[in-house]
Structures are given as C-alpha cells and as structure tokens.
Amino acid sequence: MLARNRFILLLVVGVVLAVLSYSVQYLQLVPVSPVESGRAGAGVGKSRKRVNPVLQTPPATPDPLAGAHRYCNTPNRTQQTWEGHSPADYQLLSVHVMIRHGDRYPLYSIPRTKKPPIDCTLSPNKWPSHPLLSSFISDMSKDGQTDNWDASLTSVARLPNHKACEMGELTQTGVVQHLRNGQVLRGAYLRGPPLLPASLGSPQVLLETTGKSRTLQSGLALLHGLLPGFSRPALKVRQHWNALFCGRACDCPARQRHLEAEQRRQYRLRVADTRLDRAYVDMATALGVATRVLRAANPVDALLCHLCHGLLFPCRVADGNGANASSSSSPPASRCLTLAHLAEIRRQQEEDERERQGAGLYHRYAVLAAQPYLERSAARMERVARGNPAPPSSEPLVAVASAHDITMAPLLSALGLEGAAGFPSFAARLVMELWRRPSAAGARDRVGTAVEEKRKGKEKERGRELRAKRSQDDLFVRVLYNGEDLTFHTTFCRAHPRHTHTPLCPLGKFLRFVRTDIFRPLNATSYQEACHATGP
C-alpha cells in the first residue's frame, strides 16, 4: 500500500513538472519599459538590445469611451518607449518626428451651454505640471532674436496666455504632454551612451510648423524637453502654409476629388445610423435647439474637452453665453448632455473608421496628402547618409514637424498604419529613425579610402566621393508611433523578415515605397501623374 501511494505521488509530480516545462517554452521575457521619472533631470534607463515588441490584440467589442480616454492622452508618470533601441554598434544618423499638437480648447461651441471653464495661462502650481515647466515659461517669455525663424512666425505667441481660453488655444495639459515627449526622446537619444552627438544643439535641429499658435508652442515645448535651454535664436523654424506640409507640391486636383468622395461616404454612413440620429435628437431636445443646429456645432469636440479635463458635461442655460444661468442650483438632468451621448457619437466614429479602411477612398486621398512630406524626409535621409558636403548646420539631425490631426491621420494611412495606430490622439508622435550598420565591407572601404587619399593628395574630394557610393545595404529605417515600434506593420516593410540578425527595415524599401510603390492604389507611378489623373 505504501509503495502504491509513493508511485502515485511520483506520477503526479512528474505530470506537474512536464506541464511547467511545456509552459515555460512559450513564455516570452519582454524588457521592462523605461520609466520616466518625475524628478527634474532624472535619467531614463534603456537597453540597447533590440527586441521585436508584440502589439496587444484589441478587444472584440471596442469600448468607445476607452478610445475617447486614449484620445485625451492625459499625462501620467510612466511611458513606454522603444525609440533608440537597436542592435549593438549601429549608428543613429538622424531622427524625423511628426507630432500632433497637444491638448487644446475646443474649436466649436455647443449652443445654449456654458463654455468649458479652462484657464490657458501656465503655472507650475497647476495640474498637470512638469519639472521643466518653470524653465519653459521663463525661456519662452524672454525677448530674443529670431533670425532663423520665418518672419510670419515672429508675431505668433510662444506661450498660451489667456485666462479664459480662446478657441483652439493650447492648454497647460498640451504643453506638459510635449515637455514629456521631448524628455522621452532625450532619454532615448542623449542619455546613457548617447546615440546622437552629445553636442547636439539648435543648429542641428529644424522645427516645421503651421501658423497656428498651438502647433508652434507644441513644437517649442517638445524641443525644450529634448534640449532644455536650447538657443532660440539659433533654432531654424519654418512655417508651412498648408496643414498637409506639402511645400511646393500642394497643387494636386485629384487629392481634393478623393477627399470629396470620402466625405460623401461618411455622410451616407451617418444618415443611415438610426442610433446616432436618436442621440442627436435627444441632445437637441435637452438643449432646446434644432437637431440640424446641434449637428453643425460638432458637439463631440467640446464633449471630449469636458471628458479630458474632468469637467461636468454641459447643460442648457438661458442664453448662448450663460449670463442668465443660476449658479446656486443645478439644472434638471433632462437639460444636460451625458456621457452616454458622447459614447454614442464615439461608437459611430469608430465604426466609420473601420469602414473607411475597407472602402479605400480615404487611403487614396491620404497617399496624395502625405507623399510630399515623406519625399522631403526621404531626401533628408539620403543627404545625411551620404555625408552631406554642406556645413553641418544646413542639414538637420533632428527634424520636427508640429502639425494637426488632419496632417498625421493621412500620414498614418499612407504608411499602412491606420489600423495599428488608430486616430491620432493629442500629442501623438510619429518617429522615423535612420540607422547605419557597421560592416566589414565598410571597414575595407575606409582603409582603401585612407590609402587612396594619401596617394592622390585629395583627401576631402575623394572621401566625399566614396561616401556617396556607400551601399544602401548598410542603411535602415525604423518607424515608431507613440513609442511603439510599428516598422513591420508599415506597407513597405510588412513582408520583410523581421526575425533576423538585423531586425530593421532597409532604407531602400522605404525610398522605393515613397517614390513609386505608394502610388499603386492610384494606378500611377509618380506624384504628378497621380495628382493630375482624370479618372475616379
């Protein structure tokens, strides 16, 4: 009997150990993401070892309010980031960043409600705050030369400064979001063993922005987080007159045609949504306005502002500015908009986003909207990789484009990231890194270069010539969105084997995509051909 019990015990132990052994085979150890400290000047730790992150699978039934909270992008104390991670000994050549501006005051007001009571002046004593906020306020308040700024930007406010926010004005939350973004990038590229030159300063940085104060201020906040105390007079700041950052290539008739087709699709989907229609009727009844008036006011913009700032949802008042409203009593619930109303609007928006990806109309527009920016970025990468013979100050190592949702959303779609990234939140950031791999061939080239230079006595000319011939096989790009590595989710690198000794994407694939392959959905081979095609 004792022997039998001992045999059963040993059998059970063996089964348990086998199960544990089998489970461990499928356990992936993922590095702990860097933690951004709340202390001023604290370092951000990171491992240079490159690991392919796995995106989390979204829930089968999306929660529209969860998406709304992600859109707010409220600052917290920790942030995951994969910027700056690469195989050992790789050299980071340049960084190209596009951001959406930070949290702003609504662009639309809801009729017969009070405006959200938000103060747009900055103070380190308000929430949310940041260790760099005081120095940012001080630096941006100083008078100083702006010789390298486009003249049209010198009159734009460098700080939000209205006690009662104006329409579209950047809030303190928006400033803090980008101070944090800049600090994250500083931790990735300039702390520990620096990936960019330790002497990196304003002359090696370019800031591109629209003429809106919220984009200029967001860009300045990010750069203050990246390079605290940077020289504002030495910083190159350029204004784009079109929110698509299309530069000299904005003339594109087909782009507008594709956008109009997409807008018609959106309209048909909205009018067919009976749940959305009932929500608008209910909201209009609560406020005592016509349904068409409420729709025209785009209430989702203001409702998201209330949600992001933790404010009570708006209620009906006696007149449009709330002058006759009583502050001593709350209006009945039947006269207020609710979280359920916002959830219904967000539900329809998320359904629209899913249908949009399948229809392809928006993607055709997005290709033509984003290609000029991608082309300029690709050209900068090539010049940096060749070792541009012009002075270092003429070619930026860090190029920041501070833009809008209508700039970033087409860019994500053009790159094939619309599904993985979703709609751009406040202070979203898209980063493209250019890397060079050390190679035996490169070492032989450098030795041969030195011998040839000494023999001919033409060091500089011969060195530039050989650098220009460097094979693109040693150059790679990475694409990251809000710190997540999405390189292998992009259209141009989706089929590239990711589990190799070089888990990056060859620069050649990116260049070929930007200049030819990107136009395939339009049955064209160039930007000009696609823009001036007369077909649908």
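- Salt bridge E418/R356: present, at least one basic N to carboxylate O contact under 4.0 Å.
- Using modelled atom types, one finds no donor on one side chain facing an acceptor on the other under 3.5 Å when comparing H69 with T74.
- Every pair passing salt bridge (charged side-chain N to carboxylate O under 4.0 Å, His left out) that includes a residue from residues 334-345 is listed here, sequence neighbours excluded: R275-E344, E344-R347.
- Under the side chain to side chain donor-acceptor pair (under 3.5 Å) criterion, the residue pairs touching residues 158-168 are D119-K163, H162-E166, H162-E169, with sequence neighbours excluded.
- With respect to the salt-bridge test (charged N to carboxylate O, under 4.0 angstrom), the residues R383 and E395 qualify.
- Ring planes of F230 and H224: perpendicular class, angle over 60° (limits at 30 and 60°).
- Between V237 and the choices V156, V400, L216, D150, the side-chain contact (heavy atoms from CB on, under 4.5 Å) rule is met once, by L216.
- In this structure, a donor-acceptor pair under 3.5 Å is absent between the side chains of T487 and H489.
- With hydrogens and angles left out, the side-chain atoms of Q357 and E353 include no donor and acceptor closer than 3.5 Å.
- Looking at P116 and P106, their side chains come closer than 4.5 Å, going by heavy atoms from C-beta outward.
- Using a cutoff of 4.0 Å between basic side-chain nitrogens and carboxylate oxygens, R380 and E375 are not scored as salt-bridged.
- Rounding to the nearest 0.5 Å gives a distance of 7.0 Å between CG of N181 and CD1 of I99.
- Distance check, rounded to the nearest 0.5 Å: CG of L226 to CG of L196 gives 8.0 Å.
- Neither side chain, D485 nor H85, offers a donor N or O lying under 3.5 Å from an acceptor on the other.
- H130 contributes a side-chain N or O that, together with a main-chain N or O of L132, makes up a donor-acceptor pair within less than 3.5 Å.
- At a threshold of 4.5 Å between non-hydrogen side-chain atoms, the residues F245 and P372 do not count as touching.
- When all heavy atoms of L397 and L93 are compared, the pair lying nearest together is CD2-O, 3.7 Å.
- For the pair L415/F492, a side-chain contact is recorded, criterion being any heavy-atom separation below 4.5 Å from C-beta on.
- Using a 4.5 Å cut-off on side-chain heavy atoms (C-beta onward), F136 and L220 make contact.
- For Q172 (side chain) and P128 (main-chain N/O), a donor-acceptor pair under 3.5 Å exists by modelled atom type.
- For the residue pair W435/E433, the side-chain donor-acceptor check at 3.5 Å is satisfied.
- A donor and an acceptor atom, one from each side chain of Q183 and R186, are nowhere located under 3.5 Å apart.
- Remark: the backbone N or O of D139 is paired with a side-chain donor or acceptor of R232 at under 3.5 angstrom.
- Side-chain atoms of E484 and N482, non-hydrogen and from C-beta on, never get closer than 4.5 Å to each other.
- At distances below 3.5 Å, not a single donor-acceptor pair connects side-chain atoms of S129 with backbone N or O atoms of N125.
- The line from CG of N242 to OG1 of T407 is 8.5 Å long, rounded to the nearest 0.5 Å.
- Contact record, R376 with C246: NH1-C, 3.9 Å, taken as the closest heavy-atom pair.
- Remark: the backbone N or O of R214 is paired with a side-chain donor or acceptor of S218 at under 3.5 angstrom.
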message: If you apply the rule side-chain hydrogen bond (donor to acceptor under 3.5 Å, both in side chains), what do you find for H96 with S377, and how did you get there?
response: CA-CA 7 Å; H96 307 258; S377 298; 4.5 Å; no

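- Put simply, the side chain of S425 never gets that close to the backbone of N73: no donor and acceptor are under 3.5 Å apart.
- Distance alone, capped at 3.5 Å, places no donor-acceptor pair between the R255 side chain and the A366 backbone.
- A donor atom on one side chain and an acceptor atom on the other are found under 3.5 Å apart for T210 and T215.
- Interatomic distance, CE of M98 versus CG of L411, reported as 5.5 Å (0.5 Å rounding).
- No side-chain donor-acceptor contact under 3.5 Å links R429 to the backbone of Y481.
- Contact detail for E350 and G67: the closest heavy-atom pair is OE2-CA, 3.9 Å.
- Distance alone, capped at 3.5 Å, places no donor-acceptor pair between the R104 side chain and the C305 backbone.
- Counting only heavy atoms from C-beta outward, the side chains of Y362 and S413 approach each other to under 4.5 Å.
- A side-chain donor-acceptor contact under 3.5 Å links D301 to the backbone of L107.
- Judged as a salt bridge (charged side-chain N to carboxylate O under 4.0 Å, His left out), the pairs with a partner in residues 401-413 (not counting sequence neighbours) are, in order, R100-D405.
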